[in-house]
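Below is one structure; the comments refer to it alone.
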Number of protein chains: 2
Amino acid sequence: MRKNKRDELVQQAMETFYRNGFHATGMDMLVAESGISKTSMYKHFKSKDELILAALKLREEQFHSWSAQRVAELASEPRDQLLALFDVLDEWFKEDTFKSCMFIKASSEYPEPDHPIHQQTVEQRNAMYEGVLTLVEAAALKNPEALARQLLMLQEGAIITAHFGNSKDPAGEAKIAAKALIDAAS
Amino acid sequence: MRKNKRDELVQQAMETFYRNGFHATGMDMLVAESGISKTSMYKHFKSKDELILAALKLREEQFHSWSAQRVAELASEPRDQLLALFDVLDEWFKEDTFKSCMFIKASSEYPEPDHPIHQQTVEQRNAMYEGVLTLVEAAALKNPEALARQLLMLQEGAIITAHFGNSKDPAGEAKIAAKALIDAAS
DNA sequence: GACCAAATGAACAGATCGGTACACCTTAGC
DNA sequence: GCTAAGGTGTACCGATCTGTTCATTTGGTC
């Protein structure tokens with residue numbers, strides 16, 4: 001069975017776009033890094049934008065399954081799981097390959113609200129919010145929508161701060177803040 | 001007295017890079033938008049990167065003076081000023097030209113920690129942290145370093161959330177969270 | 001008006017960009 | 001072995017990229 005070139009390409013694209021930036025990465029660079037011919041690339045994807053969309057979709061799936069699994073391993077109660085989200089962030093920040101969030105990068109480089117790439121980042125963020133809201137509701141906390149939004153913003157803040165690199169423990173600090181907000185909503 | 005072309009260029013560059021992205025903006029686009037010749041540009045700046053650095057510096061000065069002035073107009077006590085930071089964010093988010101934060105964008109498009117542009121964004125963020133820390137200390141709140149970090153992360157989170165556009169009142173929600181953290185540190 | 005600094009415009013250089021065309025090769029299934 | 005699907009390599013296209021050169025124009029001061 002021949003390896004799936006399309007999947008290889010999307011995986012490589014995801015890594016390269018993330019590390020190097022979307023506009024700053026040309027298709028020739030992807031050819032060089034992936035070993036997949038440009039002809040094959042354009043056979044599978046009509047344009048660079050379509051490839052980016054596929055890479056973002058893959059990133060969303062991989063990150064979501066990894067973080068959900070880690071959270072479930074770290075805690076079982078919804079309230080503890082809300083805090084475990086920050087431990088999982090911490091693990092992510094400590095990875096050598098961490099370079100902020102691919103969706104933040106994409107929404108920044110494609111800032112027009114009607115651009116498909118921007119729209120996909122918004123959808124991904126909506127899905128994150130829904131995930132946090134589900135846990136907040138399961139934990140029977142007050143003002144669930146607002147609290148979910150605040151917790152998500154702490155996560156965003158931790159990601160950005162971790163990328164700037166000027167705090168020793170962004171995830172830990174955000175977790176302490178999250179705990180205070182959760183306690184206040186109990 | 002001839003108008004200062006260099007300053008005009010930096011102002012225009014700041015606006016165009018911010019709206020369009022750094023890599024996605026070519027020097028020819030800047031020529032078209034500013035009406036300043038490419039020759040003049042390269043007379044004042046050795047490279048595109050140097051122009052970007054100057055634009056970031058200008059943005060830092062303008063944003064800092066504007067926000068400091070607005071905060072001082074909105075509140076006089078340090079504790080109230082910490083909360084007023086979020087009202088000022090709100091004003092900023094509501095501007096037609098809001099497109100996330102120029103320093104977040106720059107750090108994202110130039111993610112290498114040794115790149116001068118990335119370094120300048122880190123310095124700007126350090127200055128923001130010091131500003132928040134000064135207010136936290138003046139308000140005599142507990143754990144000032146950690147609290148300043150948390151408040152800054154809420155600001156980061158609000159900026160990112162405002163840019164994704166999937167919350168009606170990111171600054172207001174972040175302000176409520178900030179108030180809870182400040183109350184808990186009183 | 002003369003002079004000088006600042007600025008312009010036009011053309012250029014080499015490189016890269018996203019994307020196309022086509023002959024040819026490789027792999028997998030029958 | 002044959003065939004079709006998948007993939008490659010090479011060259012190409014028109015456009016754009018950052019940056020350079022140089023003759024000319026413009027603006028300000030005396």
Side-chain angles (χ1 to χ4, degrees), chain A residues 1-58 105-106 108-112 114-118 120, chain B residues 1-56 58 105-106 108-112 115-118 120:
Chain A
M1 168 75 89
R2 180 181 295 215
K3 281 206 222 160
N4 190 326
K5 282 287 175 176
R6 186 190 187 277
D7 288 352
E8 269 187 63
L9 170 60
V10 177
Q11 175 72 31
Q12 184 67 53
M14 185 189 82
E15 291 165 18
T16 306
F17 284 136
Y18 177 58
R19 185 181 66 247
N20 203 52
F22 296 94
H23 284 98
T25 298
M27 301 302 268
D28 286 339
M29 183 189 289
L30 275 183
V31 168
E33 296 212 354
S34 64
I36 294 163
S37 72
K38 207 191 296 192
T39 318
S40 279
M41 289 183 182
Y42 283 100
K43 180 154 184 179
H44 293 291
F45 297 97
K46 287 210 224 14
S47 64
K48 182 178 172 179
D49 278 6
E50 281 206 16
L51 176 57
I52 289 171
L53 286 166
L56 285 168
K57 177 65 59 178
L58 179 63
K105 295 167 85 72
S108 180
E109 285 197 44
Y110 295 88
E112 296 309 318
D114 59 345
H115 194 290
I117 289 173
H118 189 88
Q120 190 165 328
Chain B
M1 169 73 89
R2 180 182 297 215
K3 280 204 224 165
N4 190 326
K5 283 287 175 179
R6 185 189 188 279
D7 287 354
E8 270 188 61
L9 170 60
V10 177
Q11 175 73 31
Q12 183 67 53
M14 185 189 83
E15 292 166 17
T16 306
F17 284 136
Y18 178 58
R19 185 181 65 244
N20 204 52
F22 296 92
H23 284 97
T25 299
M27 302 302 268
D28 285 340
M29 184 190 290
L30 274 182
V31 168
E33 296 212 355
S34 64
I36 293 163
S37 73
K38 207 190 295 190
T39 317
S40 279
M41 288 183 183
Y42 284 100
K43 181 154 183 177
H44 294 290
F45 298 96
K46 287 210 221 25
S47 65
K48 182 179 173 180
D49 278 6
E50 282 206 17
L51 176 56
I52 290 172
L53 287 166
L56 286 169
L58 178 63
K105 294 168 84 73
S108 179
E109 286 197 43
Y110 296 87
E112 297 309 318
H115 195 289
I117 290 174
H118 189 88
Q120 190 165 327

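The chains referred to below are lettered A, B, ... by the order of the sequence lines, with proteins before strands, and numbering in each begins at 1.
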Requested in this report: Measure across A/Ser34 and A/Gln12 and return the closest heavy-atom pair with its distance rounded to 0.1 Å.
Outcome: CB-CG, 3.5 Å

Query raised in the report: A/Asn4 has an atom CG; how far is it from atom C1' of D/dG7, in whole Å?
Result: 13 Å

Requested in this report: Please state how far atom CE in A/Met41 lies from atom C1' in D/dG7, giving the value in whole angstrom units.
Outcome: 12 Å

Report summary line: When rounded to whole Å, the CE to P distance for the pair A/Met29 and C/dC17 reads 7 Å

Report summary line: Between NZ of B/Lys43 and P of D/dT24 the distance, given in whole Å, is 18 Å

Query raised in the report: Taking A/Glu109 for the side chain and A/Gly21 for the main chain, is one N or O donor matched with an acceptor at less than 3.5 Å?
Result: no

Query - Interatomic distance where CD belongs to B/Glu8 and P belongs to D/dG27 [whole Å] - result: 13 Å

Just distance, no hydrogens or angles: give the donor-acceptor pairs under 3.5 Å from side chains in residues 38-46 of chain B, sequence neighbours left out.
unit_1: B/Lys38; atom_1: NZ; unit_2: B/Asp28; atom_2: OD1; d: 2.9
unit_1: B/Ser40; atom_1: OG; unit_2: B/Ser37; atom_2: OG; d: 3.3

Query raised in the report: Nearest heavy-atom pair of B/Leu53 and B/Pro116: which atoms, and what distance?
Result: CD2-O, 3.6 Å

Query raised in the report: Can you tell me how far P of C/dA7 sits from CD of B/Gln12, to the nearest Å?
Result: 16 Å

Requested in this report: Say whether, by atom type as modelled, one donor and one acceptor occur between the side chain of B/Lys48 and the main chain of B/Thr25 under 3.5 angstrom.
Outcome: yes

Report summary line: Counting primed atoms, P, OP1 and OP2 as sugar-phosphate and everything else as base, the B/S/- map of nucleotides 18-24 of chain C against protein heavy atoms under 4.0 Å is SBBBB--

Query raised in the report: With respect to the phosphate group of D/dT8, does any side-chain polar atom (N or O) of A/Ser40 fall under 4.0 Å of OP1 or OP2?
Result: yes

Report task. Could you tell me the separation between the CG atom of A/Leu30 and the P atom of C/dT16, rounded to a whole number of Å? Result -> 15 Å

Query raised in the report: Is the phosphate of C/dA7, meaning OP1 or OP2, less than 4.0 Å from a side-chain N or O of B/His44?
Result: yes

Report task. Please work out whether the ring planes of B/His115 and B/Tyr110 are parallel, tilted or perpendicular, with thresholds of 30° and 60°. Result -> tilted

Query raised in the report: Can you tell me how far P of D/dC17 sits from CG of B/Leu51, to the nearest Å?
Result: 15 Å

